[in-house]
Structures are given as structure tokens and as C-alpha cells.
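The next block holds one structure in the form of C-alpha cells; read it before the comments.
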Amino acid sequence: QQALPNVVILATGGTIAGAGASAVNSATYAAAKVGVEKLIAGLPELSKVANVRGEQVFQVASESLTNDNLLTLAKRVSALSKQSDVDGIVITHGTDTLEETAYFLTLTVHTNKPIVVVGSMRPGTALSADGALNLYNAVNVAGSKDAMGKGVLVTMNDNIDTGRDVSKNVNIKTSAFSSQWGPLGMIVEGRNYWFRAPVKRHTMNSEFDIDSITTLPPVEIAMGYEGVSSVAIDAIAKSGAKALIHGGTGNGSVADRIVPNLQKARSDGVIVIRSARVPDGFVIRNAEQPDDKYDWVVAHDLRPQKARILAMVALTKTNNTKELQRIFWEY
Ligand SMILES: NC(=O)CC[C@H](N)C(=O)O
């Protein structure tokens, strides 16, 4: 009989720690109420697959997490991943910004050990609550040798996705999370079934390291839409933001009337990154806008909120636009 793996659960709040007034409350409830010890005690099946211990890092709904919270969490994950008595790490998290935290950890934590970020769409008090199985799956993956070296993973609704690619695409169903490039695999009855592996740089292969990042620069997002004005762009440019993500229409297109405002922001030193509000597909450099001429960067397939995470991390090392574009292609 093989020894069980040691898995640490870092709890941050969210619906997976939520509680409603009755079993029919699947949407009306309070997030971030149940402590990590109670989560673990409520799932005795965990003790059969891993030696589990918990730490309560935060107890918040994820839309309220800050850059400082991200740094605190990633530094704790990094420290634990260096311990010989830790085989894998699970982070329980609200689903609203789970994709951002998962991508941040993907970019900044140097480890081969499995890191799994997980949440739920229904509180544990609801009928057909999804948190217990999602957490069981997360602990199984975090304790699996075959999950090593695959970067940061997300286990929602029986799928195993990459922290880079996955997004919340539905806001009320348990099938909330998906990636346009597909999941890496599935978990059924505690067993992992893998079908693909990530090719973008991550964790061990990343040039970024949370242990040497002390602060993140401000990066803001402005949406493109029919009838857009320059109000948001001008405000961001004046705010001290180091980069501005433009969540453009279509293939990252930009209304002609605000192009001069973005050019002005760039000439004032703000990095302009052209992303798209369309969930899937990717932005082509020098299509829609002459990025070379304007010295803009394109966000590849990253949605605005993911592009913001990569921009913050990349800007801790460089503000050279050629380097930034290379980073957007590689991560
Ligand atoms: N399903 C959820 O986890 C959403 C709850 C809350 N808005 C959060 O992100 O923490």
C-alpha cells in the first residue's frame, strides 16, 4: 500500500465556502462563510486519497480580491511548494475571478508540483451542491504524480482545465467553466484521464518568479463598444496606470475616433495592449490597427482580464514593447 500524498488546501472564500438560508437557495446565499476546517470535515472521503490539512488565507468573495491578496496567496503557494512534506496544493476560490488567480499562479510559481484552483457554483447548503465533488477532484489531482509539470489546473464540473485557458463563461450553471482550446482531461471516481497538455510557458518554465515580485503595477481595462467615447481611456491614461488593456470589438478593433487618444496615452508612456471583448478567437497583430506603427502590443488569445494579469507580471521585468509582445506570444 502506497503512502497517501500530502495536500494542503488554501482557502480563500467564494461560493464553495458559501451558505444559503435553505436547500433551494442555489443563487441567493452568502459567499465566504464556511471555514476550511469545516469544509474538510464535511468531506470525509478526502482522507482516503490524501493527508489533507487546511489554511484559511482569506475569507472573501473573489470579486473583492486585490493585487496585494494575489501576492500574498502566490507567495504562500510558492513557500509550500518548496516543502518536502507537501506534494500538492489546492486553492479554494470564488469563481468570479478564479481564472485570474489561476493564471497569475501559472505565471509566477516555480514548481512541478500540482497546484489546483477550485470553486463551486452552488453553496454547500444547496440541493445538488457541486463544491464537494469539485473539491474531491481537486485534492485527487493535487495528489497525483501524473498531474506534475502540467502547470496550474482548475477542476470544475469533472473537467481538468489549464489555469491559463479557462474562463467562467456561464454565470449561473454548474457548467460555468470552459476553455476555447478544450480541457486537458477529466476526473471520474477519483481517477484522472488526460487527453492533452499545455504548450504555453508556465510554472517551472516561466521567467517570472513570485519570490522576487514585491509589488504589481497598476493596469486598467477599457472596453470597446458601439458609440464608445474616450472618457475611460483618457481617465486611465491620467491615472498613473502603466498599461491600458483595450477590450476591443471583433478582432480587437478600435473606433477611429479614440485612436488618437490611445496614441496620446502611448506617447505619454502608457503601454497600450489590444485585446478583444469577443470571448474566443485571438487578436492578429497589425490587422485592424497598425500595431507596429503605433508601438502597441496585442494580447494574443487572452481576454482583457487575463491580459491584465500577464501585463502586470511582465511589467515587473520590462516595459519594452518588443519584449512585452514576445511575452504575450509565449505565455
Ligand atoms: N460561484 C461563486 O463562487 C461566486 C461567488 C462570489 N461572487 C465569488 O466569486 O466569490
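Whatever order the structure lists them in is the order used to number ligands and atoms, beginning at 1.
Every atom of ligand 1 with a heavy atom of Ser62 under 4.0 Å away is listed here by number and element: 8 (C), 9 (O), 10 (O). Every atom of ligand 1 with a heavy atom of Ser120 under 4.0 Å away is listed here by number and element: 1 (N), 2 (C), 3 (O). Which parts of ligand 1 touch Glu63 is read off a 4.0 Å heavy-atom cut-off, strictly below it: atoms 6 (C), 7 (N), 8 (C), 9 (O), 10 (O). For ligand 1, the atoms closer than 4.0 angstrom to any heavy atom of Gly14 are 10 (O).
A salt bridge links Arg285 and Asp292; the closest N-O separation between the charged side-chain nitrogens and carboxylate oxygens is under 4.0 Å. The residues Asp211 and Lys82 are annotated as salt-bridged, a charged nitrogen and a carboxylate oxygen being separated by less than 4.0 angstrom.
Here the heavy atom of the protein found nearest to atom 1 (N) of ligand 1 is Thr95 OG1, 2.7 Å. Counting protein heavy atoms only, atom 7 (N) of ligand 1 is closest to Asp96 OD2, 2.6 Å.
No side-chain heavy atom of Leu80 sits less than 4.5 Å from a side-chain heavy atom of Lys75. The shortest distance between side-chain heavy atoms of Asp161 and Leu184 does not fall below 4.5 Å.
Legend: residues meeting side chain to side chain contact (heavy atoms under 4.5 Å, CB included) with Val60, ordered by chain and number and at least two apart, are Phe58, Leu65. With sequence neighbours excluded, no residue forms a ring-ring contact (aromatic ring centres under 6.0 Å, His included) with Tyr29.
The option from Leu98, Thr12, Leu65, Thr15 that lies nearest to atom 2 (C) of ligand 1, judged by heavy atoms, is Thr15.
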